[in-house]
Amino acid sequence: MDPLVFLLWFSVAAALLFWGRGAYCGWLCPFGALQELTNRLAKLCRIPQIEVPWGLHERLWPIKYIIFLGLFGLSLYSLDVAEHYAEVEPFKTAIILKFQRAWPFVLFVVVLLAAGLFIERFYCRYLCPLGAALAIPARLRMFDWLKRYRECGNPCNRCAKECMVQAIHPEGHINPNECLYCLHCQVLYQHDQKCPVCIKKLAKRRRFEVQTGLVKPETEARKAKPVTAE
C-alpha cells in the first residue's frame with residue numbers, strides 16, 4: 001500500500017473517533033475546498049446566495065445516504081458496476097484527472113460547482129456519498145467538542161443563521177452528521193459583541209465593577225461600546 005494513502009486514511013479514521021466527519025469533510029476534502037473557494041468568489045462578485053428553507057433542507061440531506069446505500073448494495077453485487085455508478089462522486093474528474101475527461105463527466109462537475117455558487121457546499125450537503133459513509137461511523141465519536149448555551153435556539157438563532165451548511169437545528173442543537181467543523185459557531189459562542197449570552201455576562205460584570213467601585217462610572221462609560229445582537 002502507498003504509505004501516503006495509508007497515513008491519510010489512518011488519520012481520517014482516527015479523526016472520526018474524536019471529531020466525526022467534519023475533520024475530513026471540513027478540512028481535508030479537496031473538492032470541498034474547491035466548492036468553498038468558488039462560493040467565496042461568487043460572494044465577492046455579489047452573486048445572490050440562496051438560503052434553503054429548513055423544511056426542504058431536512059428532506060434533501062438524506063439523499064446522500066440513499067446514494068451511499070445504493071452504491072454499497074451494488075458493490076455487493078458487482079464491484080465493476082459499483083465503480084461505474086460511483087462517478088456520482090466528482091472527485092476523480094475534478095481533482096485526480098483535473099477535468100481531462102469526456103465532456104459528460106466535466107459537465108456534471110461544472111453543474112455541481114455552479115449550484116455551489118448559489119448554495120454554499122451544495123454537493124457536500126445533499127449528494128456526497130463519501131460524506132454519508134463517514135457520518136455513519138462518526139456517531140461513535142468519543143467527545144463532543146462543540147459548546148452550546150441553554151439559550152441557543154431559544155430565543156437566539158444567530159449561529160443557526162450563520163452556519164454555512166445549516167447543520168444547526170432551529171431548536172439550537174448541532175447535527176454532528178452534517179457539521180463540517182468550520183468552528184464559526186464556536187467563535188460566536190465567545191463573541192462579546194454578537195452573542196447575546198456573552199453580551200449579558202459582560203454587561204453584568206461591568207455593573208458589578210461599577211457598584212463595587214472597581215471601575216469609576218465615567219471610565220466605564222468611555223470604555224462601553226454599542227453592541228448589537230440578533
Side-chain angles (χ1 to χ4, degrees), residues 1-39 57-58 60-98 101 105 108-109 112-113 116 120-148 159 163-169 173-187 189:
M1 180 180 286
D2 188 330
L4 290 179
V5 174
F6 174 79
L7 289 174
L8 172 63
W9 284 110
F10 177 81
S11 62
V12 171
L16 284 176
L17 295 176
F18 292 97
W19 299 288
R21 65 171 283 216
Y24 178 81
C25 296
W27 296 89
L28 293 176
C29 178
F31 190 72
L34 181 59
Q35 290 180 93
E36 194 167 333
L37 288 172
T38 52
N39 182 264
H57 170 70
E58 236 183 350
L60 289 178
W61 63 255
I63 294 176
K64 60 178 174 288
Y65 296 95
I66 296 173
I67 295 174
F68 165 68
L69 292 175
L71 292 174
F72 180 73
L74 287 174
S75 70
L76 297 178
Y77 169 72
S78 169
L79 287 176
D80 291 335
V81 174
E83 185 177 356
H84 175 74
Y85 284 98
E87 291 295 344
V88 69
E89 166 64 64
F91 185 93
K92 181 178 180 180
T93 299
I95 306 301
I96 297 177
L97 299 179
K98 300 176 182 178
R101 298 195 77 184
F105 297 100
F108 176 63
V109 176
L112 292 177
L113 292 176
E120 189 168 357
R121 292 275 194 140
F122 171 81
Y123 179 76
C124 297
R125 291 197 206 188
Y126 306 125
L127 299 176
C128 182
L130 178 58
L134 294 176
I136 294 173
R139 296 184 67 86
L140 301 176
R141 68 190 187 282
M142 299 171 62
F143 303 105
D144 190 3
W145 302 90
L146 303 178
K147 298 180 179 180
R148 308 294 286 157
C159 292
C163 178
M164 68 176 182
V165 293
Q166 293 180 272
I168 303 178
H169 287 239
H173 77 272
I174 299 173
N175 185 342
N177 294 338
E178 302 303 310
C179 178
L180 299 185
Y181 260 80
C182 69
L183 301 180
H184 181 63
C185 62
Q186 299 306 288
V187 175
Y189 180 86

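These figures come from a predicted structure and were not determined experimentally. Index from 1, following the sequence.
Put simply, NE2 on His84 and CG on Leu79 are 14.5 Å apart, with the number rounded to the nearest 0.5 Å. Residue Glu87 holds its CD atom at 5.5 Å from OG1 of Thr93, rounded to the nearest 0.5 Å. Here CE of Met164 is found 8.5 Å from SG of Cys179. Values are rounded to the nearest 0.5 Å. A distance of 13.5 Å separates CG of Leu112 from OH of Tyr126, quoted to the nearest 0.5 Å. Distance check, rounded to the nearest 0.5 Å: CD1 of Ile136 to CZ of Phe72 gives 9.5 Å. Separation of atoms CZ (Phe122) and CG (Asn39) is listed at 13.0 Å; rounding is to 0.5 Å.
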- request: Go through Tyr189 and Leu146 one step at a time and tell me if the side chain to side chain contact (heavy atoms under 4.5 Å, CB included) criterion holds.
  value: CA-CA 10 Å; Tyr189 180 86; Leu146 303 178; over 6 Å; no
Report all side-chain donor-acceptor pairs from residues 10-30 shorter than 3.5 Å, counting only partners two or more places apart or in another chain.
from  : atom 1 : to     : atom 2 : distance (Å)
Ser11 : OG     : Leu7   : O      : 3.1
Ser11 : OG     : Leu8   : O      : 2.6
Arg21 : NH1    : Asn177 : O      : 2.7
Trp27 : NE1    : Tyr181 : O      : 2.8

For residues 60-71, tabulate all N or O donor-acceptor pairs below 3.5 Å that involve a side-chain atom, not counting sequence neighbours.
from  : atom 1 : to     : atom 2 : distance (Å)
Trp61 : NE1    : Glu58  : O      : 3.4
Lys64 : NZ     : Trp61  : O      : 3.2
Lys64 : NZ     : Arg125 : O      : 2.6
Lys64 : NZ     : Glu178 : OE1    : 2.8
Lys64 : NZ     : Glu178 : OE2    : 3.2
Tyr65 : OH     : Glu178 : OE2    : 3.4

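When all heavy atoms are compared, the tightest approach of Trp145 to Gln186 is O-OE1, 4.2 Å.
Other residues, nucleotides and ligands place no more than 12 heavy atoms under 6.0 Å from the CD atom of Glu83.
Counting only heavy atoms from C-beta outward, the side chains of Cys163 and His184 never approach each other to under 4.5 Å.
With sequence neighbours left out, the side-chain contact (heavy atoms from CB on, under 4.5 Å) criterion links Cys185 to Arg148, Cys159, Ile168, Ile174. Partners of Val81 under the side-chain contact (heavy atoms from CB on, under 4.5 Å) rule, at least two apart in sequence or in another chain, are Leu74, Tyr77, Ser78, Tyr85. When the salt bridge (charged side-chain N to carboxylate O under 4.0 Å, His left out) test is applied to Glu36, the partners found at least two apart in sequence or on another chain are Arg40, Arg121.
Screening residues 71-81 for salt bridge (charged side-chain N to carboxylate O under 4.0 Å, His left out), with sequence neighbours left out, gives no hits.
Remark: side-chain polar atoms of Gln35 are paired, donor with acceptor, to backbone N or O of Tyr123 under 3.5 angstrom.
Using the six-membered ring where Trp is involved, His173 and His169 have ring planes that are parallel, under 30° apart on the 30 and 60° scheme.
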